[in-house]
Amino acid sequence: MIPIENFLVLSALLFAIGFYGVLARRSAILILMSVELMLAAVAINFIAFATYLDADAFSGLVFALFVITVAAAEVGLALGIVLRLYRERRTANVDEANRLKW
Amino acid sequence: MGMEQAWVLPAIPAALFVLIALFNGLMPRRGDFLAILGMATVVGLVGLILLDFTGAFSAGEFMPDDSNVFAFDWINIGQDFFIIEFSTYVDAITMVMLPVVTIVALMVMVYSTEYMRGEPRYGWYFAVLSLFVAAMLTLVLSGNLIQLYLAWEGVGLASYLLIGFYWERQSAAEAAKKAFITTRIGDVGLLIGIILLWRATGTFDIQSIIAAATSGQIDGTYLTVAMLFLFGGAVGKSAQFPLHVWLPDAMEGPTPVSALIHAATMVVAGVYLVARFSPVYAEVLVARDVILYVGLFTAFMAATQGLVSNDVKRVLAYSTVSQLGFMFVALGVGAVGAAMFHLFTHAFFKALLFLGSGSVIHATHNQEVEGLGGLRKKMPITTATFIVGSLALAGIPIFAGFFSKDEILHALISDGPAWAYVMLAGTAILTAIYTTRLVLLTFFGEPKDHHAYDHAHESGPAMAGPLVILAVLATIAGFFVFDQVGEALGLAGGIGALVYLDHPHHFTSIDWAFAGGATASALAGIIIGWAYWHGDARRAVAARTWAPDLHAFLVNRWYMDHMYQAIIDRVILGLAGVVAWFDKRVVNETGVDGGAQTVGYFGYRLKFLQTGKIPNYALGMAVGIVALTLVAISG
Amino acid sequence: MFDRLPLPSQFDRTIVAGGTVAVLVAAPVLVVLLALLFADEISAPEFVFFVAAAVIMAGALGAVLMPNVVHAALSLVATLLGVAGIYLLLLSEFIALVQVLVYGGGVVILLLFALMLTNAADDPVVSDGTQKPFALIVAAIMGSLFVAVMLDAQWGNPSATVVPFSEFGARIFRDFSVPVIVVAILLDIALTGAFVNARRAEETTDQVEEAAA
Amino acid sequence: MTDVLGNTLNLQYELLLPEIILAITAVLVLTADAFKRELNIGYRTLPLLSLLGLAGAGVASIALLDTQGDFARLIQVDDFTAFFRLLFIGTAAVLIIGSHEYIERHVNHVGEFFALLLLSTIGAIYMAAARDLLTAYLAVEVLSFSLYVAVSLAKDDARSGEASLKYVLLGGVASAMLLYGLSMLYGVAGSTQYADISEALAAGTSDVTLPLLLGLVLIVSGLGFKAAAVPFHNYAPDAYEGAPLPVTMYLSATSKAATFALFLRWFAGPLLPAVDDWAWMLAAIAVATMVLGNLVALQQHNIKRLLAYSSISQVGYMLMAVTALAPATGVDTSGALLVHLGGYLVTNLVVFTGVIHFYNQTGKEEITDLRGLSQTNPYLALTLTAGLFSLAGMPLLAGFFTKFILFQAVASADYLWLVVVGVIASTVSLYYYLQVIKQMYLYEPLVPGRWRMSATGYLVTGVLFATMVVIGIWGAPLYEVADAAASALFVA
Amino acid sequence: MTETDGYVLLALMLVPLGTALLLMVVPSRERSTIIGLTAISSLAMFVLSLYAFATYSFQDGTQFQGVLAFTWMENVGLLGENGIQLKVGLDGISASLVLLTGIVIVPGTWVSWKVRERTKDFFILLYILTAGVFGVFVLIDLFFWFLAYEVALLPMYHLIVVWGSTRKEYGGMKLMMMLMAGSIFIFTAIFALYAHVGLGTFDMEVLLAAEKDENFQKVFFPLVAIGCGVLGAMFPFHSWSPDGHASAPTAVSMLHAGVLMKVGAFGVLRLGFQMMPEGGQFWGPALVVLGITAALYGAISAMRQTDMKLLMGFSSVSHMGYVFVGLGVFNSIGWTGAVLQMTAHGLMTALFFLLIGGMYDQSHNREIPAFSGMAKQMPIWTIFFVFAALASLGLPGLSGFVAEVHIFIGAFRAYPIIGGLAVLTAAITATYLLRGISQAFFGEMNPRWNALKEITVMERAGATVLAGAILMLGLWPAPWIDRIGPSIIEIANL
C-alpha cells in the first residue's frame, strides 16, 4: 500500500510548479495552463484523502469531479476573454494588458 | 449718614457714569452739571462721614465698630476658605483719602467745564471722570483685597481712557497704551501678592490678613515675598522706579485729568496701599527697606529730570514722581503719618499747579517753556496761584508742602540712614530749583513767542475759581498737622493724631531748628534757580551748552525709556518672533501638514504596487501566502 | 480557421520534439524503477506511482518551462494523463476517465485552438516574464513548505475504500443534488461568458444583419 | 430518504424556492433576449422581467422567513440565510432600478447581463446558505464566474476586457488556493459537512496541526481574494475601474457581502474551534487592508478607483469583526458585522447609484469632473455627500451607527488595538471623501446649467438615502434582525 | 428642575434640528421667510436655554437634573439593560454652557442674515451644528454624546469652504482633519470605558458610578484629554484654531471659538476628570503644564500676528490654555474657574469675531497695520472692540476677570509658580491687544477707509447682547457660580 504522503507530496510539488507557471509566464494561455496544473494538484489531494481517510470515500471524489468540471468551464470562459482581448489589442501577452494601473 | 453707608459714595458717581455715558447726547450741556452736582453731594457726604468718624473717635473708640459693617458675598463657590466679599472699610487712612479725592475731583470738574468746553466727546469726558471717582472711592473704601484690585484696575481703566482722550493724536494713544501696560505689569505683582496672602490666610479681608500677618501666623520670608509683590503694584500705580516711565507720557491727556488722576489721586493709590498695610510692612523690614530705597532713588532721579524738561506739564509730572518718591521714603521708614500727610498736602498743591499750567496752556495753546514767558502781566490770578503752589512744592514755610516734607525728612533722619537723609535733602533742594525754573520761565522774563503772548488772556471764573480755592487749601492744608487746628475744626486732632493712632508719635509742634534747616535749603534752591534763570529767555537753553552730556542724559530721562524700548523691540518681540516662527514652521508645517504629507507620500509610493501586470499581482498573492505559512509553521 | 492552423509540419515537429524529450527524461527513470521493481524493493503499485509521478513532474515542468507554447501545451497533456494514472492508482477509475475525457479530450484541444487563434502559430515562442527569478524563489519556498507540511503531519491510518462505479451516479444525484444543480448554473454562466466574449460586439452583428436585410 | 451513512436527507424543495424562481427567471430573460426580434420586445422588458423574478424571489424568501431547516444536509435555511437572501435580492433589485438606463446605454449583451445578475444572486445566496464545503465552493464559483463575465461587458470600453482578464486569471489562481485549502481541511476533518468538520476540529487535531494551519492560510487567502483583502486585492481596483459601473457596484456590494457571509459561516461555524490558529492571520490581513486601502485611496483621481480602494479599506473593518469571533462573544461580533454589512451595503448603493446617474448625464468618471455638482444638481450632490460621509462614519447616517456597533463589538472582544487602527484609518478616509465633496461644493461647474436625473434615479436614491438616515438615527430594528441572524449561526 | 424640564433640554436639541429641516423645504429665494424662521428659532433657543439655566438649582447628592431617558436600543448584541438611550440631563456646568450657547447663537443668527449666497444652506448647516453643541451639553448617554459631538463638527467643513474667506480650503480641511483625528482618541476611550465597565450600557450616570481600575484610568485619561484637547485647542494640538478661525465665516467663528472649543474642554472635564478622577489626578500636572504653555505660547505668538482673526485665534489658544490650567490643578476653585472661563471666553471671543466680521465684510482686509484711526470712522465698532479687548485682558468688572481670578487662585493653591506665570500671561494679553487697538483704531484716520460705514444695526444689536452678558458675568457672577460651584464640589467629592 502506497503511503498517502507520496500523493500529497506529489500534489504539493505540482501546485508549486503551477504557481511558478502563473508567476513566470507571460502568455495568458500559458498562465491558464499553469492554473490547470494547480487544480490538478487539488484534485489529487481530494482523491487521496477520500481514498485514504474518508470513512465514506465519496464527498472527496465528488469534489474532485466538480473541480475538474469547474476547471474545464473556467478554461472555456477565460479563453473567451483572452480571445476578446486579443481581438482588441492583438496580443495575448498579459504584461501588455496593463492600461489599468495605479 | 454714617460710615456704614459709605458705599453710597462710589455708588453715586458710578450711577452718573452710566447715565452720562449713555445719554449725554440727550442732556443739556452734555450732562456735565450732573457730574458736578453728584460730586458736590459726595463731598458733602464725605464731610458727614468725617464728622461721624471723628465723633466716634473722640468718643474714645479707636476703631468704630460700624466702620466695617457693609459687606456681601460677591463670589462664593461654597467653600469657606474661598469667599470673596465686597465690603467698605473706613479708618483714619481712608479718612485722609476721602476728602482729597472728592475735593480735588470737584475742583477739577468745575475747572473742566471751561477748559474742555467745545471739545468733542465732552459728555464722555465727564462720564469717565465720574467713573474714575467711583473707582477711586471704591479703592479707598474697600475692605477686601479683590475688591481693591477691582477698583485698582478701574482707576487704571479710567486713566487709560482719559490719557487716550485725544486719540486722534497717535502720541496720545501710545501714551495711554504705555500707561496701561506699565501699570498692568505692576498689577501682576499686586494680584500675585494678594493671592499669596490669601494662600497663607485663606481670606481676602484686609483686616483679617493684617491681623494674621502681625500675629506672625505667616512664615517670614513668605510674607516678605508676598509684601514685595504687593509693593510691586504700588510701584506700578505710583510711577516709582522702575515703572515710572508712563507718568510723564501720561501728560498727553487733558490737563485737568493730569491734575486729578496723575497728580492728586490715582498715583497716590500705591502710597495708600502701602500705608494700609503698614502694620504688616513693619513686620518685614527687608521689604520696607526696599520701599525706602526705591522711593529715594525715584525722588532723586525724577527731580533731576524735572530740572531740564521744557514742557510745563512734564516738569510737573517729574515733580509728581519725585514727590511720590518722598512719600515712599516716609513709608520706608515707617512714618505712615508723614506719608499720608504729604499725600494730603501734595494733592492740593500739585493739583493747583497742574490746573495752573492748564490755565496757561488754555490761554496760549502752548506748553513748551520756550514758547512762554512774561505771562504774569497777562494772567495775574494764574500767576499768583501758581506761585503759591510752587512755594508749597518747594517747601517754604506756612505753605502746605513745607510741613509735610519736613515731617518726612524728620522721620528719615530719626529712623533712616544718614546718607539717605542727605540725598533726600538734596532732592528737596533740586525740587526748589526746578520749581523756580518753571515759574521763572513761564511767568517772568520776556515773552519768547509774541504771537502766543498776544492772544494770552486770563481764564474765566470756572477755571480761576478752583485755582483760588486750591491755592487756599495749598496754603492752609499744612496746618492740619497741628492737633489744635484739628480740634478747632471739631476733629479729634491733627492729621498726625488721626494717622498715628497706633504709634505713640503724637506731636503738637515741630522742631523749628530742623525746620529752619529745611527752609534754608529750600530758599537756597530758589536762589540758585533765580540766579540762573531769571532775566532773559536765552538762559533757558543755556543748560544745554553748559553740560551737554549731562543735559542729554537728563533730557533723555536717564535713557530708561530707550532701554525699555530696546528690551521690548529686541527681546520681547524677538522672542515673539521666534515663537511665531516655531508655531508656523515646526508645529504647523512640520507637525500637522508634515504629518498629513507623510501619509500622502506613503500613499503615493504604495500606489505603484499596482503595476497593472497580472504576474506581479499573482506574485503579491504568492508572497502573502508564503509569509502567512511561514509565520503559521514557525509559530 | 483551419488554414490558420498549420498542420502537419508544425504539428509533427512538435510531436518529434515532445517525444524525444519524453524518452530522454523517462528512460533512465524507467530503468531505475524497473530495477527496483524486480529487486522487489518496491511493489507494483509503487512502481506505477513513481512512473506516473515522473511523467507528471516532467510534464508539469515542461508545461511551465518550455519556451514554445505548443510544446508546453503538449507536455501539459502528459501531466494530465499522468494525473489520470494517479487516479487509477487511487482506485477511482471514474474520475480518471473523466479526467482523460475532459482534459485530454476537451481542455487541451481548446487551449491549442486558442493558441493558434492568438498567433502562436506564427511566433510560438513567448519569452517569460521579467520577475522569473522571484517567481522561482517564491515557488520554491512554497513547494518546500507544502512538502514539509505534508511530511510533518501524522495522517490517520489508511482505510482504502472503494466506491463502486455503479453507485456513483445514484449517490451524486442523491447526496449532492444541489451541487449538481449549481454546477449546471455554473456551466451555463461559463458558456454565456465564453460566448459573449468570443463573439464580436453586438452592434456589429446587428449592423451586419441590417445590412443583409 | 437516507444516504449511505444513514443520515436522513429531507428534500423539501420549497426551501430552495427563491433560488429556483431566480434561475427560471434567468432562463426566461435569456430566452426573451434571444428571441427579442421575433417577439419584438423592447429593452425595457428585460429589466422588468428580472425585477419580476426578483420580486417573486423576495416574496418567496419572506414567506420562508420562519421556516427553518436544511435541504439534504447541503443547504441551511435559517435566519442567517434569510437575512442575506433579502439583502442580495434587494441589492439586485436596486441595481436594476437604479441603473437600467446605464445598462441600456453602456453595457453589451443586456440579456446575458440580467441573466448573470440573477444567477450570481443565487451564487451569493448559497454562499451564505451552504452547510457543505462543496456547495459553498460551487456557489463561490458561480458568483465569481458571473462577475468575470459581467466585468467584461462594458460597451466601447477598452478597459473592460483587460479588467476581466485580470479578474479571471487571478480568480482562477485564487480558487485553486482556496480549493487546496479546502482539500487540506477535508483531509484533516475527513468530511465536507460543516457540522462534522467542527466536531473533528473540536475533537483536536494535534497530529495534523500543520496541514490544518496550511489549510487555514490558503482558505483565508482564497476568501481574502474574493473579498479583496491586502495582499490579495490587487485585481480589485483594475476590475472595478474596467467594469461597467453597475458591475462595480455589484462587486463592492453583493460580492463582498456574500464573501463575508461565507466568512461567518465558516469561521463562526466549522472553523471556530481553531480560532486561535486563524485569528492572528485575519488580524494581520485586516490591518494591512485598512492601512494600504486608505493610503492608496488618498492618491486616486478616478471615482471608480477611489471607491474601489475605499471599499478595500471597508473590507479591513469587516475583517476586524471576523478576527474578533471569539467563541465567547461570537454572536455579538457577527451580529455587529451583519449590522455593518447592512449599513455599508445601503451606503454603498447610495454612492454608486449617484455616481451612475452622474455618469449617465455627463459620461465622466474623474473626481474633478464632479466640480460644481452642488449647483448643477444640488440633490445629487447632497446625496453623494451624505453617502460619502456615511462611508467615513459620520453621524446621523448609517455609517456612524454601524461602525460604532462594529467597533464596540470588536473592542469588547479585547481587540481594542484593532479598533484604534480602524478608527485612525477611517479618519484618514475622511480626507479623500472630503476631496470629492470639495469638488462638488467649492468649485464652479465646468458646464453650468441644472440637470435632472431620471425618475427612477430619484426614486432609488431617495429611498436609499432615507434608509441610510433611518439606520443612522434608529438602527435598533436592523440591529435586532442582524442579531437574530447571527444567533442562527451558533445554534448548530 | 423637574422631570418635565427634561423636555426643555430635549427641545434645546430639537429646535435647531427642526429649524434645519423646515429650512430644507423653504425655497431658497424666500429670504424673508428664512430670516423670520431663524429669528424665531434662535430666540426660542435663547429662551429655552435661559429657562434651563434659571430653573436649574443644585440639590445635594444628585448631579444631573431634569433627567429624561428614552430607550433607544437595549438587550441586543452586547448591549444590556438601557444599552443605549436618548438621555438628557443638566448639571451646573452644562447649564452655564447651555446658556452660553443660547446667548451666542442669537447674535450669530443675526449677523448671518448678511450672508448673501446660499443663505438657506448656511443656516441649515449652522443649526445642525448648534443642535450638536446643545446635544453635547445636555446628553448624558455616551453614544449620543459622541454622536452629538460629531454632529457639531460635521457641518464645519462645508461652512468654512463654501462661505469662508482667505485660505479656506486649507483652513477647513486642516480643521476638519485635526478635529476628527482628535475624536479618534475619544472614540477609543469611550469603547475602552464601555468594555472596561462591562455593564453593556453607555449610560453616563451608570458609568460615572461604576468602579474603574486605577491603571485603566491612568491609561485612558490621556486619550480623552488629548482627544477633547484638540477641540479645545490645547497646545500642541492647536494649530487648526488660528487658520480655521481665520478662514471661517463670521457666525461660524463665533460659534466655533465661542462654543465649540468649549465642548472640548467640557469633554475633558466630563469624560476625563469626572469619569476617571484618579487618572485625572495622575495626569493633572501634565495638563497644567500644557495649559500654561498654551497660555504663554498663544499670547506671545499673538504679539506677532497682524491678521485680526489670526490674532484672535492665538488669543483663543491662550485663553483656552487657562481653562486647561484650571482643569489640571484638580481643585474645585480651578475647575469652577475653568468653567467660568469657558463661558467668559465664549462671550468675549464671539464678540470679537462678530466685530471683525462686521468690518471685514466691508473692507475685505483684516491686516491691523492697514488700519489707523478707525475710531473716527466707526466709533461704535471701536467702543465694542475696546470693550471686548478689556474683557479679554481680564479687566475686573468684566467676565474675564471673574474666571481668571478663580483659575489663578486655583493654580496658586496647587502650583504657585504656574499661578504666577498665568497672572503674567494676563499682562502679555493686555500688551498685544492694546498694541493692536492703538494701532488700528487710534491716531490719524487712514483715508483709504473713508468708504467704510459703521457696523450694521443687527451687528450692533448682537454686540450689545454679548457685551451685556459679559458685563453681567463680570459684575454679578453669582448666578453662574451658584450653579457651577456646588456641582463642581459634588464632582470633586465623588
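None of these values were measured; they are calculated from a predicted model. Hydrogens, waters and symmetry mates play no part in the numbers below; they use all other heavy atoms, side chains included. Here is the naming used below: chain letters follow the sequence lines, and residue numbers restart at 1 for every chain.
Residue-environment remark: CZ (F134(C)) stays at or below the threshold of 12 foreign heavy atoms within 6.0 Å.
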Could you give the side-chain donor-acceptor pairs of residues 50-67 of chain C under 3.5 Å, partners two or more places apart or in another chain?
none

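Residues of residues 75-89 of chain C never come within less than 4.5 angstrom of chain B, heavy atom to heavy atom.
F229(B) meets the ring-ring contact (aromatic ring centres under 6.0 Å, His included) test with no other residue; sequence neighbours excluded.
Listed options I633(B), I625(B), V623(B), V626(B) were ranked by heavy-atom pairs under 4.5 angstrom with chain C; first place goes to V626(B).
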Tell me which donor-acceptor pairs, judged by distance alone and kept under 3.5 Å, run between chain C and chain B, one pair per line.
| unit_1 | atom_1 | unit_2 | atom_2 | d |
| --- | --- | --- | --- | --- |
| Q131(C) | OE1 | N616(B) | ND2 | 3.0 |
| Q131(C) | NE2 | P615(B) | O | 2.9 |

